[in-house]
Amino acid sequence: MKKLHIFLIVLPLLLSPACHKVDYTTVGSFKFEKDVINLDSRQQEVEVKANRNDWVMTVDDENGNRIEGDTINVKWYTLIKKDKGASLLIKVSSNNGKERSFAIGFRSSDLYIGMVVNQKGIE
């Protein structure tokens, strides 16, 4: 009878990891669903999902100054960390000139990745 009681106490402990929901935000890798974003020349917004929430973004402005934050506004684009880091919203203005691009650096713990955003021009 004691063995049955011990078994009934231990059984839920054995089954609980099997029922545990996996948290994909703490996986060993860090990535966004795309690492290159190609946009046409019109004004637009694109949202890109991340596989973890704890990240910081950095860009260089046209003068070479490094900008870091949850929201970054530069001359022709805006980057917004959405839903506590679940995704990145990229907003670009219309491009009536030549093709343009910028790079975004991301850090999460000791992992570093990058993303490139290209926007076609009318010329």
Side-chain angles (χ1 to χ4, degrees):
M1 190 67 169
K2 271 189 168 180
K3 288 182 181 179
L4 180 60
H5 287 279
I6 293 173
F7 178 73
L8 292 175
I9 292 171
V10 173
L11 182 63
L13 296 174
L14 294 173
L15 293 178
S16 64
C19 299
H20 179 69
K21 183 178 176 185
V22 177
D23 181 5
Y24 290 102
T25 62
T26 59
V27 294
S29 67
F30 172 43
K31 63 182 179 178
F32 283 85
E33 56 189 356
K34 294 182 180 181
D35 57 0
V36 176
I37 310 291
N38 293 308
L39 305 171
D40 59 31
S41 62
R42 64 185 167 84
Q43 178 180 353
Q44 58 201 291
E45 296 181 5
V46 176
E47 191 168 346
V48 186
K49 295 187 187 300
N51 73 330
R52 56 168 58 186
N53 295 351
D54 61 331
W55 50 268
V56 176
M57 64 181 154
T58 305
V59 298
D60 289 339
D61 68 9
E62 61 269 1
N63 299 322
N65 299 317
R66 183 149 292 163
I67 304 168
E68 185 177 287
D70 289 344
T71 300
I72 297 175
N73 289 303
V74 180
K75 194 171 190 177
W76 58 276
Y77 64 87
T78 301
L79 305 172
I80 301 169
K81 186 176 187 177
K82 288 192 64 184
D83 301 324
K84 298 181 183 175
S87 64
L88 170 66
L89 180 64
I90 303 166
K91 296 180 180 184
V92 296
S93 60
S94 296
N95 184 6
N96 298 322
K98 295 180 181 180
E99 184 173 334
R100 57 192 180 185
S101 64
F102 65 94
I104 311 167
F106 299 95
R107 177 180 42 83
S108 180
S109 300
D110 61 346
L111 301 172
Y112 297 87
I113 62 170
M115 179 185 296
V116 175
V117 179
N118 302 307
Q119 185 184 28
K120 292 183 179 179
I122 292 178
E123 293 181 0

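Position 1 is the first residue of the sequence; numbering continues from there. This is a predicted model, so every value here is computed, not measured. Side chains are part of it too, since the values below use all heavy atoms of this structure and drop only hydrogens, waters and symmetry mates.
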Atom of [X], atom of [Y] and distance for their closest heavy-atom approach:
{"X": "Gly85", "Y": "Ala50", "answer": "O-CB, 3.8 Å"}
{"X": "Ser29", "Y": "Asn51", "answer": "O-ND2, 3.3 Å"}
{"X": "Ile104", "Y": "Leu88", "answer": "CD1-CD2, 4.0 Å"}
{"X": "Met57", "Y": "Lys81", "answer": "CE-N, 3.9 Å"}
{"X": "Val59", "Y": "Ala103", "answer": "CG1-O, 3.6 Å"}
{"X": "Ser108", "Y": "Asp54", "answer": "OG-O, 2.7 Å"}

Q: Take Leu79 and Phe102, measure what side-chain contact (heavy atoms from CB on, under 4.5 Å) needs, and give me the verdict at the end.
A: CA-CA 11 Å; Leu79 305 172; Phe102 65 94; 4.0 Å; yes

Q. With clusters built from Ile, Leu, Val, Met, Phe, Trp and Tyr whose side-chain heavy atoms come within less than 4.5 Å, directly or transitively, what are the remaining members of the cluster of Val36, listed by chain and number?
A.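 Noted: Val36 shares its cluster with no other residue.
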
Q) Which distance, rounded to the nearest 0.5 Å, do you find between the CG of Asn53 and the CZ of Phe30? A) 9.5 Å

Q: To the nearest 0.5 angstrom, please state how far the CD atom of Glu47 sits from the CD1 atom of Ile37.
A: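 Those atoms lie 11.5 Å apart.
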
Look only at the side chain of [X] and the backbone of [Y], and say whether a donor-acceptor pair between them is shorter than 3.5 Å.
{"X": "Asp40", "Y": "Arg42", "answer": "yes"}
{"X": "Asn118", "Y": "Ser101", "answer": "no"}
{"X": "Thr71", "Y": "Ile80", "answer": "no"}

Q | Audit row: Arg107, Thr58, side-chain contact (heavy atoms from CB on, under 4.5 Å) steps and yes/no | A | CA-CA 8 Å; Arg107 177 180 42 83; Thr58 305; over 6 Å; no

Are [X] and [Y] grouped together when hydrophobic residues (ILVMFWY) are joined by side-chain heavy atoms under 4.5 angstrom apart?
{"X": "Tyr112", "Y": "Phe106", "result": "no"}
{"X": "Ile67", "Y": "Val116", "result": "no"}
{"X": "Val74", "Y": "Val48", "result": "yes"}
{"X": "Val46", "Y": "Leu89", "result": "no"}

Q. Are side-chain heavy atoms of Gln119 and Trp76 found at a separation under 4.5 Å?
A.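 Contact flag for Gln119/Trp76 side chains = yes.
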
Q. Are Ile90 and Met115 side-chain neighbours, meaning at least one heavy-atom pair lies under 4.5 Å?
A.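 In short, these two side chains touch, coming nearer than 4.5 Å.
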
Q. With a 4.0 Å cut-off, would you call Glu62 and Lys75 a salt bridge?
A.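 Between Lys75 and Glu62 there is no salt bridge, as every charged N stays at least 4.0 Å from the carboxylate O atoms.
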
Q: Taking side chain to side chain donor-acceptor pair (under 3.5 Å) as the test, write out the residues that go with Ser94, two or more places apart.
A: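 None.
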
**Q.** Any pair counted as salt bridge (Lys or Arg N to Asp or Glu O under 4.0 Å), so long as it reaches residues 83-94, sequence neighbours left out
**A.**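 Checked against salt bridge (Lys or Arg N to Asp or Glu O under 4.0 Å) - neighbours excluded - the pairs reaching residues 83-94 are Glu45-Lys91.
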
Q) Taking atom types as modelled and ignoring hydrogens, do the side chains of Thr78 and Asn73 form a donor-acceptor contact shorter than 3.5 angstrom? A) yes

Q | Flag if over 12 foreign heavy atoms under 6.0 Å of CG, Asp35 | A |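 Atom CG in Asp35 is not crowded, with 12 or fewer foreign heavy atoms closer than 6.0 Å.
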
